[in-house]
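We count ligands from 1, going down the list as the structure has it; atoms in each ligand are counted the same way. The figures that follow rest on heavy atoms only: side chains count, while hydrogens, waters and symmetry mates do not.
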Amino acid sequence: MATAVTIQPKPGRLFIGGKWVDAVTGKTFPTINPATGEVLTQIAEGGEADADLAVQAARRAFDSGPWPEMSAADRAKILWRIGDLIDKYNEELGTLETLDNGKPLFESRQIDMPMVAEVFRYYAGWATKIHGETVPVRGPFLNYTLREPLGVVAAIVPWNFPLLLASWKVAPALAAGNTVVLKPASWTPLTALRFAEICQEAGLPDGVVNVITGPGGVLGKALVRHPGVDKIAITGETRTGQEILRDSAGTLKRVTLELGGKSPNVVFADADLDAAVRGATVGIFYGKGEVCAAGSRLFVERRIHDDFMQKLVDRARKLQPGDPLDPKTRFGAIVSERQMETVLGYIEKGKAEGAQLVAGGERAQVNGRGFYVQPTVFDGVRNDMTIAREEIFGPVLATITFDDIEEAVREANNTPYGLAAAVWTRDVAKAHRVARRLKAGTVWINTYNNYDPAAPFGGYKMSGYGRELGVHALEHYTQVKSVWVNLKD
Ligand code: NAD
């Protein structure tokens, strides 16, 4: 049953220097509800000139505005207020995220938005704890360090967790005293625009957070090349990260990269099988598989293969796509028609390369419309098949069978990516041994997809570098100045 839409998204304009403005060219583009295929609203299509205006506003706010001069305690209060306002507007923000991205309301209201609020409150706590040190140098000198903000941060975010991944960048940037230009993905700009209003309501000075929308290849590129930007924080595809590194080289910007993944989920025969089946399902089907850390390669020990796969397939078949606005739905619409076609293309490739399709595999519709793909499981996959090598970014699981620990670890690590991994076993020592050997920024033991504002998150290998969340993120939003004082008479 279709659920009535209670939120009417406003036409999207650009938020620059505390004011709402149209793109310089006056151009707009539509943002589409993937659950219905209908246009939600028009969004301003920013270009190079708009990037420049936003950077100038952020630059002014950093170089001469009240923000960097404000006491850390006052900055903390504003960050805390942003967190509380995110909670206050949970229903509205969650609905906007669901309309734009197709994820179920259950996820956007009960998981994404509460974590956004927590991230702001977590970094509110840090604002007053960022400080330098005194250093025991030789001679009659005092040496101390100042930990200073970088300046203007460009936060470039993808469409899978639009406001959540924005918060991972904006909150630590602000806690450290930087100013920000936020660029959401073109498929999902609505919550970032509403967030701009929330920043203003929380008392953030004009120009400290600017939100601009437009194509990554034009607007994002302009930010990356702009000499007024000091740091780029990007979450996106690995090839986008590579392009950003090349484009930022001319101005030698600091860059942190949160990129793609092809994460192994390794189930040993001595695991709690029911828990591992739940973990494998959540690992690949949560967020429709549009999750950078999705457990998209499932390694199952041969001895339990048949039992395990039977349970897994039963579970996958029960999980049917539903209207994302229905609070009972647990599996929503793929973010766009193009992404749906990409996912279906990989499913065809899996079949063509000889993998065995054991669940799903088809496009689905809900109420006769929308861009949905059934939860899909392949068995009999080899690690060198395309569906085991490339990030699909959709609900497609590649199951690979293994015989012993050595093979499991070797094949789990046999990927250019290294974002996350999981291991399932009742043997504590084995779990920790394998966790050490897995080349990934996050390893889950007997669980999957846990996140917390205090726990660092980021990639090994081609999944990027730098860490988001936790104390580790602050390192990437500050720089250290060494000050020498002559103490001689
Ligand atoms: P994308 O790389 O296409 O776009 C990400 C953002 O970068 C968008 O805002 C886009 O407009 C912008 N962009 C694109 N080209 C650019 C350029 N040349 N210069 C500057 N900006 C540019 O990624 P997506 O399709 O939006 O998101 C999916 C990808 O994000 C997947 O690969 C996924 O694994 C990755 N991801 C990673 C993490 C992580 O933490 N490691 C988390 C979520 C998603």
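- Of the possible polar contacts, none joining the Asp247 side chain to the Arg225 backbone as a donor-acceptor pair under 3.5 Å is found.
- Residue contact annotation: Phe457 has a non-hydrogen atom under 4.0 Å from ligand 1.
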Could you walk me through whether Arg297 and Asn265 pass side chain to side chain donor-acceptor pair (under 3.5 Å), step by step? CA-CA 6 Å; Arg297 288 183 304 144; Asn265 195 359; over 6 Å; no

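- For atom 28 (C) of ligand 1, the closest non-hydrogen atom on the protein side is Phe393 CE2, 3.4 Å.
- Shown are Phe29, Phe371, Trp159; of these, the ring pair (Phe, Tyr, Trp, His ring centres under 6.0 Å) with Trp187 is made only by Trp159.
- A salt bridge does not link Arg363 with Glu337: none of the charged nitrogens is closer than 4.0 Å to a carboxylate oxygen.
- Between Arg369 and Asp323 there is no salt bridge, since none of the side-chain N atoms of the basic residue sits less than 4.0 Å from a carboxylate O of the acidic one.
- Contacts between Glu243 and ligand 1 below 4.0 angstrom, taking non-hydrogen atoms only, involve the side chain exclusively.
- Checked for salt-bridge contact, Glu243 and Lys221 meet the test: a charged N lies under 4.0 Å from a carboxylate O.
- Contact of the Leu163 side chain with the Ile86 side chain is registered, since non-hydrogen atoms from C-beta on lie closer than 4.5 Å.
- Of the heavy atoms in Leu219, none comes closer than 4.0 Å to ligand 1.
- For atom 27 (O) of ligand 1, the nearest non-hydrogen atom of the protein is Pro158 CB, 3.1 Å.
- Nearest protein heavy-atom contact of atom 39 (C) of ligand 1 is Cys292 SG, 3.3 Å.
- With a 4.0 Å heavy-atom cut-off, ligand 1 is reached by no atom of Trp187.
- Distances from atom 9 (O) of ligand 1 to the heavy atoms of Leu257, Leu182, Val157 put Val157 nearest.
- For Ile244, every heavy-atom contact with ligand 1 shorter than 4.0 Å involves the side chain, none the backbone.
- Atoms of ligand 1 lying under 4.0 Å from any heavy atom of Asn160, numbered from 1 in the order shown and given with element: 43 (C), 44 (C).
- Under a 4.0 Å criterion applied to the non-hydrogen atoms of Leu419, ligand 1 contributes the atoms 41 (N).
- Checking only distances, Lys183 does come within under 3.5 Å of ligand 1, N or O to N or O.
- With ligand atoms numbered from 1 in the order given, ligand 1 contributes 19 (N), 20 (C), 21 (N) to contacts under 4.0 Å with heavy atoms of Gly220.
- Counting heavy atoms from C-beta on, the side chains of Lys262 and Arg389 never come closer than 4.5 Å.
- Looking only at protein heavy atoms, the nearest one to atom 35 (C) of ligand 1 is Gly236 O, 3.2 Å.
- Contact atoms of ligand 1 toward Lys221: 19 (N), 20 (C) (distance under 4.0 Å to a heavy atom of the residue).
- Residue Thr31 forms a side-chain hydrogen bond (donor to acceptor under 3.5 Å, both in side chains) with just one option from Thr213, Thr188, Asp100, and that option is Asp100.
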Step-by-step side chain to side chain contact (heavy atoms under 4.5 Å, CB included) determination, Ile445 to Val434: CA-CA 10 Å; Ile445 296 176; Val434 173; over 6 Å; no

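- Between Phe285 and Phe331, the ring planes are perpendicular. Angles over 60° get that label, and only those under 30° would be called parallel.
- What sits closest to atom 41 (N) of ligand 1 on the protein, heavy atoms only, is Leu259 O, 2.7 Å.
- Salt bridge status for Asp87 with Arg121: present, with a side-chain N to carboxylate O gap under 4.0 Å.
- With a 4.0 Å heavy-atom cut-off, ligand 1 is reached by no atom of Asp247.
- Contact analysis puts Pro184 in contact with ligand 1, with a non-hydrogen atom separation below 4.0 angstrom.
- Shown are Tyr123, Phe457, Tyr477; of these, the ring pair (Phe, Tyr, Trp, His ring centres under 6.0 Å) with Trp168 is made only by Phe457.
- With a 4.0 Å heavy-atom cut-off, ligand 1 is reached by no atom of Leu223.
- Here is the list of ligand 1 atoms found below 4.0 Å of a heavy atom in Leu165: 42 (C), 43 (C).
- Residue Thr256 forms a side-chain hydrogen bond (donor to acceptor under 3.5 Å, both in side chains) with just one option from Glu468, Lys231, Glu475, His476, and that option is Lys231.
- The single protein non-hydrogen atom nearest to atom 13 (N) of ligand 1 is Gly216 CA, 3.5 Å, given as residue, atom name and distance.
- No N or O atom of Pro215 sits closer than 3.5 Å to an N or O atom of ligand 1.
- Compare Thr235, Val335, Ile156 by their heavy atoms: the one nearest to atom 5 (C) of ligand 1 is in Thr235.
- Closest heavy-atom approach to atom 23 (O) of ligand 1 within the set Glu468, Glu237, Arg467: this belongs to Glu237.
- Among all protein heavy atoms, the one lying closest to atom 14 (C) of ligand 1 is Thr240 CG2, 3.6 Å.
- Between Trp159 and ligand 1, at least one pair of N/O atoms sits closer than 3.5 Å.
- Aromatic ring pairs are classed by plane angle as parallel below 30°, tilted from 30° to 60° and perpendicular above 60°; the pair Trp126 and Tyr122 is perpendicular.
- Salt bridge annotation for Arg194-Glu197: present, with a cationic side-chain nitrogen under 4.0 angstrom from a carboxylate oxygen.
- Only the side chain of Glu391 comes within 4.0 Å of ligand 1, judged by heavy-atom distances.
- Per-residue contacts place Ile234 under 4.0 angstrom from the following atoms of ligand 1 (heavy atoms of the residue considered): 6 (C), 7 (O).
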